[in-house]
Amino acid sequence: MKYEVLVKSLKMKNLKSYIKSIEERSRRRIRRRYLIFEVIALSSYSKVSQDYLSKLIKDSYRELFGTLDTSLSGISLITYNNELRRGVIKFRSGYKAKLLLSLALAQYRGRIILRPIRTTGTLRKALKYMKA
Amino acid sequence: MSVDTNSRITEINEDIARIYKILGYRYVINSSLSEPTKIGEVHFIPRVNVSRDELLSSLSKFIKLRNNGVITALIVNDAEDLKEYVKFRKALTIASLSKNALLRLGRRGRDKLVGLKLPVELCIKDIVLSSGKFLKGLQGVINDLIKERIELIITPCPEKPYEIVHPLILESLLITLDVPEDIAIKSVRDVPLRIIEGLGDIE
């Protein structure tokens, strides 16, 4: 009898830890997001390069939220089309508000206007919206 | 459709109107205008910034201005600017918090702000470009906003065209400061629109 109770309690313990591990796994999984943005031309507009934009956005993010948060957010400018003046920024979900706020600082520092267009879950869709 | 309640751009032209339109703004309240104008689809409405002393010295003038469709904004630097606010409340549309107020507005000042029963205006520029200073006043105002003691308006306050910020970025500022999303949307879209609606028909 005692043996059966012990087995049952062990099973319960295993079950609990199994459920906990599943919950933690789902919590740990951070999805990628893609933000499509546009650089609005001012009358004094001169073309900006992808490297310049990438540095500008990352530096602005770092200035506002620090180095650790910058690496955790995983932001990177994937592509920027100079003719369309549109680009795609990859970031981890949950960091959208912070990324958008850093765009404001990027505007002040770079003297350009950035318009967020849309956020997607896949790069394919992001590229589609970028060219649309 | 959004409203920029505190534009400080001195040269209003088609290029500025185009930028505002692309970013989703339809109404712009500008402090350098004397009469309302419309360029393209964007309405430009005049605004007057006043200090407490100016307001008390010529109160009837500001009441008249407000009744004629001009937005009157009290610039609040500290609690002293809100002293005896009952006297001049009827001449005002908005209470605008300056950089100094964000730094040092204490509980006493915030209680007066609540008593004023006017929308409180903040500039995103003052917060983003605060260079790491402890914004004691901002923290208190955000707490009051979350408790729904005050209504907040977040504006870009642009002085140059590149300082005009998309409304989504304004919302994200409040979300980053732990304000619930519905209150953030209300602060960026609904409260400024209600000020415009209070002016009646705009041509």
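The chains referred to below are lettered A, B, ... by the order of the sequence lines, with proteins before strands, and numbering in each begins at 1. What you see below is based on every heavy atom in this structure, not just the backbone, and it leaves out hydrogens, waters and symmetry mates.
- At distances below 3.5 Å, at least one donor-acceptor pair connects side-chain atoms of A:Q107 with backbone N or O atoms of B:Y162.
- Side-chain atoms of A:Y95 and A:S102, non-hydrogen and from C-beta on, never get closer than 4.5 Å to each other.
- Ranked by heavy-atom pairs under 4.5 Å with chain A, the list B:L173, B:I175, B:I16 is led by B:L173.
- When every heavy atom of B:P158 is checked against every heavy atom of B:D4, the shortest pair comes out as CD-OD2, 3.4 Å.
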- Message: Using side chain to side chain contact (heavy atoms under 4.5 Å, CB included), reason through B:I164 and B:Y25 one step at a time and then give a plain yes or no.
- Response: CA-CA 10 Å; B:I164 306 169; B:Y25 291 95; 4.1 Å; yes

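- Here A:L105 is the residue among A:L103, A:L105, A:L114 with the most heavy-atom pairs under 4.5 Å with chain B.
- Neither the backbone nor the side chain of B:K160 comes within less than 4.5 Å of any heavy atom of chain A.
- Only the side chain of A:L64 comes within contact range of chain B, with at least one heavy atom under 4.5 Å from a heavy atom of that chain.
- Per-residue heavy-atom pair counts under 4.5 Å with chain B were compared for A:K98, A:R115, A:R111, and the maximum is reached by A:R111.
- Of the listed residues (B:L174, B:V128, B:L170), the one with the most heavy-atom contacts under 4.5 Å to chain A is B:V128.
- Heavy atoms closer than 4.5 Å to chain A are found in the side chain of B:L129, but not in its backbone.
- With a 4.5 Å cut-off on side-chain heavy atoms, B:V3 and B:I153 do not count as touching.
- A side-chain donor-acceptor contact under 3.5 Å links B:S32 and B:N30.
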